[in-house]
**Student:** 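After the structure tokens below, expect a handful of questions from me.
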Amino acid sequence: MSTPEPSEAFESLHPAMQKWVWRQGWAALRATQEQTIPAVLGGDCDVIVAAATAGGKTEAAFLPILSRLLAGGDDDAGMGLALYISPLKALINDQYGRLDLMTDGLDLPVVPWHGDIPQKLKHGFLKHPRGMLLITPESLEAICVTHGHRLASLFERLEYVVVDELHAFIGVERGMQLQSLMHRLELVIRRRVPRVGLSATLGDMQLAAGFLRPAGAQSVRTIVSTEDAGELKLQIRGYRQVPPALSPRQAEATEESGAEVAVEDTIQGDVLDISQHLFQVLRGTNNLVFANSRGNVETYADLLRRQCEQLRVPVEFFPHHGSLSKELREHVETGLKAQTQPVTAVCTSTLEMGIDIGSVASIAQIGPPHQVASMRQRLGRSGRRGEAAVLRIYIQEREIDHKTPAPDRLRPALFQAVAMTELLLSRWTEPPLHGALHLSTLIQQILSVIAQHGGTTAQGLWNALCENAPFAAVGQDNFVALLRRMGRTGLLSQSADGTLLHGEVGERIVNHYSFFAAFTTPEEFTLAVDGKVIGTLPIDRPVAEGDYLIFAGRRWRVLRLDMTHKRIDLARAGGGRAPTFGGTAGIVHDVVRAEMHDLYCGQEVPVYLDAGAQELLAEGRHHFHDLGLDRTAFLDAGEDVFVFPWAGDIALDTLAAMLTESRIRTQREGVYLCARDTTTAAVQEALKRIAARDQPAPVELAANVENKASEKYDEFLDDDLLSVDWASRRLDANAALQIVQRLCASN
DNA sequence: GACCTGCTGCGGTGTG
């Protein structure tokens, strides 16, 4: 055991925490910890600690917080309370294990609180609310609703609020809910409580500070780890799509003739090639293969398993995604962590953050990543303990013939992957989207505040949620319109003295446990084999008895379909294809599209491209120039006009809405806009008109968008409020006008 | 044309 170098930060810790640091055998505290400890211990400011995975940031926060709680315990006033909020139950369980060791033998209760925790533990906390409470936003919401009358006494000794994985909350409904809950707690105890945000690399520290403390971003201390990222070994591999050996029709005919069809003959050639390459390079070590969709996860996990079986070696490739049962997922996680035999997980973003699965030898990514931020997060799983991180990206592009539409000749998947890789290397990360109103979450919070107080006034709601509060941007007019709408839809009712109460519909919603989550989840079938549940499947997928499908890395036939209990019974079979799980597309950032444009215009060939990817890069550039896209943004395509502004999806969507409003029917299609039944001259005229007139109100543009309802309680909004909400989260008039000016100037 | 996350209190019955 070595003694850590004494430092001011170390000396300031409670003796019990100093002992814990000694027991770790650390040579010294890390730079991040040296900075964080005094900032947190002071207790007079909010702090954000941004550091790569395994950077010791949890200890940086826990050491001073536990010190302060222990010091309070020595006083007559008694021990205070710290709240640790996590987006994942699994993370709470992990942190509970760590804190249990840190507080071993000390009189400092640590209580985990989420849906899987037995009530007895929770009652213990309600009796003696002190020490450290580890909780999810949903469970905290439940406490506000269920124990509203005693909220002030429960949290009266609150000294800190820690938010782990801060980046996971910014810009989404759950983040609005969390901000609102933190604000409501401070209101009820009538004082400001220091907040500590822990995060991986954040794209924009000022934005993160504004999220953590909406009314005082300037006063948030931000501590960014300067520890250098280790070495990175990188390759992008390019593949051309090759049709399966047998077309679906040929395969069916062969089966009808009684002959057996080899699974491999029904799979695309490039998919087989990629799975074989993965098998060769990954076998024998622990790895993560990110396949971008649950359907792809199933396809590749199945092919990799078959290769193991054909060689008669133990299966070491397993699927992992959100529709698989908890048991199946935990089996894979345990295998990865144990490191006793090689395990490769083929996964979606399920293994991107959170629980500790140990270090893996390499990361593979099939298809272009959706975001630089998630690329960075994925890479953080590899290359710990001084070893180089290894990343292989597999890109498939279609074969070009005379029928290939012009935009598909640009090899957009490869260019997106290279652009994101370049941005990753230059340390850029997408800032989270912000400015969304999330009226759906405001509905939830209004119902929750009413439950907490057993009724309140419109003014009370405004004060609790909007006035210098997280929903300030909603504005009074929209707030009043929302309350009226909630009255009309039965969410609210008003008593004779003006008190707002739950309406009949609101009562029903609040009294069901599904109320506590701010986000929505689709209805699903349960999938079972011999009575054992192996996962779920979205209910809007067409499934029939006798169908074949791949799931959990195996092949099945649908035995029974029970619509009343939403249950599907499966039996082992040899055929099948991966189901499509549905979902909506991600949003690509302006900077990524600009980087793609630079790549098309440039000459350089990144060293990390294999021969196949180099060819695709050269082809993309050739067609880019051949189509004249180096000189113009417009492409005549028969009756349609394609426009290539090389801007992000939100700017493109806004511009499409502006053109549509100017009577040029326009839609975004991948990286470009498609204007229907028109000419380049007409589009250019329309752009000039848009540039010349006053800035269009995004709300008016949103009025033309169909199917705007997407968040949990959007169904209760009328079209006006839906448009307000949609405009706030999916339209950016300034960005669109910049494109318009650019396009007008270049012609 | 993508992914992920979360969830209470009560009444009934059984057991020590």
Side-chain angles (χ1 to χ4, degrees), chain A residues 85-93 112-120 122-123 126 135-148 164-165 167-178 181 288 290-298 319-324 326 329 346-355 365-371 373-375 377-378 407-408 412-413 416 441 444 448 451 508-522 524 536 538 580-588 649 652-653 667-672 674 707 710-712:
Chain A
I85 304 174
S86 152
L88 302 171
K89 291 188 286 188
L91 198 54
I92 287 177
N93 298 343
W113 183 315
H114 58 66
D116 303 341
I117 300 292
Q119 290 217 337
K120 211 178 139 191
K122 298 178 178 172
H123 284 308
L126 292 173
I135 197 166
T136 60
E138 289 73 19
S139 284
L140 190 55
E141 187 79 66
I143 291 180
C144 288
V145 168
T146 318
H147 304 283
D164 205 353
E165 306 279 11
H167 59 277
F169 289 111
I170 305 178
V172 295
E173 297 108 294
R174 237 180 150 193
M176 273 316 294
Q177 178 187 28
L178 173 62
L181 287 168
L288 297 178
F290 291 95
N292 272 7
S293 72
R294 285 169 283 183
N296 272 343
V297 164
E298 291 294 350
H320 191 287
H321 59 72
S323 294
L324 291 170
K326 199 178 167 183
R329 285 158 68 172
V346 187
C347 57
T348 56
S349 53
T350 39
L351 290 178
E352 198 171 284
M353 73 167 182
I355 52 160
Q365 164 74 45
I366 305 174
H370 296 120
Q371 287 214 352
S374 91
M375 245 178 129
Q377 195 83 11
R378 290 170 184 191
D408 286 341
Q416 184 175 320
T441 309
Q444 182 210 32
S448 176
R508 212 162 43 233
I509 289 175
V510 178
N511 285 337
H512 193 267
Y513 62 76
S514 59
F515 171 68
F516 306 122
F519 55 88
T520 175
T521 39
E524 290 177 317
T536 58
T580 43
F581 289 85
T584 48
I587 289 168
V588 177
D649 286 341
L652 289 182
D653 280 340
Q667 267 185 316
R668 175 163 63 83
E669 293 187 355
V671 303
Y672 63 97
C674 175
N707 303 323
S710 54
E711 299 191 346
K712 190 172 178 184

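Just so we're on the same page: letters track the sequence lines, and every chain starts at 1.
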**Student:** Nearest whole angstrom, please: distance from the P of B:dT5 to the CD of A:Gln377.
**Tutor:**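 A:Gln377 atom CD is separated from B:dT5 atom P by 14 Å.
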**Student:** Report the residues that fulfil salt bridge (Lys or Arg N to Asp or Glu O under 4.0 Å) with A:Glu669, sequence neighbours left out, ordered by chain and then residue number.
**Tutor:** A:Arg676
**Student:** Can you list everything that forms a side chain to side chain donor-acceptor pair (under 3.5 Å) with A:Gln416? Sequence neighbours excluded, please.
**Tutor:**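 Scan of A:Gln416 (side chain to side chain donor-acceptor pair (under 3.5 Å), adjacent residues dropped) gives none.
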**Student:** Mind checking if A:Arg378 touches a base, just sugar-phosphate, or nothing, with heavy atoms under 4.0 Å?
**Tutor:** nothing
**Student:** Name all residues meeting the side chain to side chain donor-acceptor pair (under 3.5 Å) criterion together with A:His320; count only those two or more places apart in sequence or in a different chain, and write none if there are none.
**Tutor:**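 Scan of A:His320 (side chain to side chain donor-acceptor pair (under 3.5 Å), adjacent residues dropped) gives A:Glu333, A:Thr350.
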**Student:** Who are the salt bridge (Lys or Arg N to Asp or Glu O under 4.0 Å) partners of A:Arg174, not counting sequence neighbours?
**Tutor:**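 If we apply the salt bridge (Lys or Arg N to Asp or Glu O under 4.0 Å) test to A:Arg174, skipping adjacent residues, the hits are A:Glu138.
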**Student:** Apply salt bridge (Lys or Arg N to Asp or Glu O under 4.0 Å) to A:Glu141 and list each qualifying residue two or more places apart in sequence or on a separate chain.
**Tutor:**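 With sequence neighbours excluded, A:Glu141 shows a salt bridge (Lys or Arg N to Asp or Glu O under 4.0 Å) to A:Arg184, given in chain and number order.
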**Student:** To the nearest angstrom, how far is A:Ile366 atom CD1 from B:dA2 atom C1'?
**Tutor:** 15 Å
**Student:** Nearest-Å distance, CG (A:Asp649) to P (B:dA2)?
**Tutor:** 13 Å
**Student:** Closer than 4.0 Å, any side-chain N/O of A:Arg329 to the OP1 or OP2 of B:dT5?
**Tutor:**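 Yes, such a contact exists.
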**Student:** Is it true that the side chains of A:Ser323 and A:Arg294 contain a donor and an acceptor less than 3.5 Å apart?
**Tutor:** yes
**Student:** Salt bridge (Lys or Arg N to Asp or Glu O under 4.0 Å) with A:Lys89: which residues, sequence neighbours excluded?
**Tutor:**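 In terms of salt bridge (Lys or Arg N to Asp or Glu O under 4.0 Å), with neighbours along the sequence ignored, A:Lys89 is linked to A:Asp116.
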**Student:** Would you kindly give the NE2-to-C1' distance between A:His320 and B:dT5, to the nearest whole Å?
**Tutor:** 13 Å
**Student:** Could you tell me the separation between the CG atom of A:Asn296 and the P atom of B:dG1, rounded to a whole number of Å?
**Tutor:** 11 Å
**Student:** Describe the nucleic acid contact of A:Gly586 in one word from base, sugar-phosphate, nothing, applying a heavy-atom distance below 4.0 Å.
**Tutor:** base
**Student:** Does A:His370 have any side chain to side chain donor-acceptor pair (under 3.5 Å) partners at least two apart in sequence or in another chain, and if so, which?
**Tutor:**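 For A:His370, no residue satisfies side chain to side chain donor-acceptor pair (under 3.5 Å) once neighbours in sequence are set aside.
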**Student:** Rounded to the nearest Å, what distance is computed from the CD atom of residue A:Gln416 to the C1' atom of nucleotide B:dG1?
**Tutor:** 12 Å
**Student:** Do A:Glu173 and A:Lys712 come within less than 4.5 Å of each other through their side chains, counting heavy atoms only?
**Tutor:** no
**Student:** Sort me out a list of protein N/O and nucleotides 6-12 of chain B N/O pairs below 3.5 Å, or just none if empty.
**Tutor:**
unit_1: B:dG6; atom_1: OP1; unit_2: A:Lys89; atom_2: N; d: 2.5
unit_1: B:dG6; atom_1: O3'; unit_2: A:Thr136; atom_2: OG1; d: 3.4
unit_1: B:dC7; atom_1: OP1; unit_2: A:Gly115; atom_2: N; d: 3.0
unit_1: B:dC7; atom_1: OP1; unit_2: A:Thr136; atom_2: OG1; d: 2.8
unit_1: B:dC7; atom_1: OP1; unit_2: A:Ser139; atom_2: OG; d: 2.7
unit_1: B:dC7; atom_1: OP2; unit_2: A:Gly115; atom_2: N; d: 3.1
unit_1: B:dC7; atom_1: O2; unit_2: A:Tyr513; atom_2: O; d: 2.6
unit_1: B:dC7; atom_1: O2; unit_2: A:Ser514; atom_2: N; d: 3.1

**Student:** Each nucleotide N or O in nucleotides 14-16 of chain B that has a protein N or O under 3.5 Å away: list the pair and distance.
**Tutor:**
none

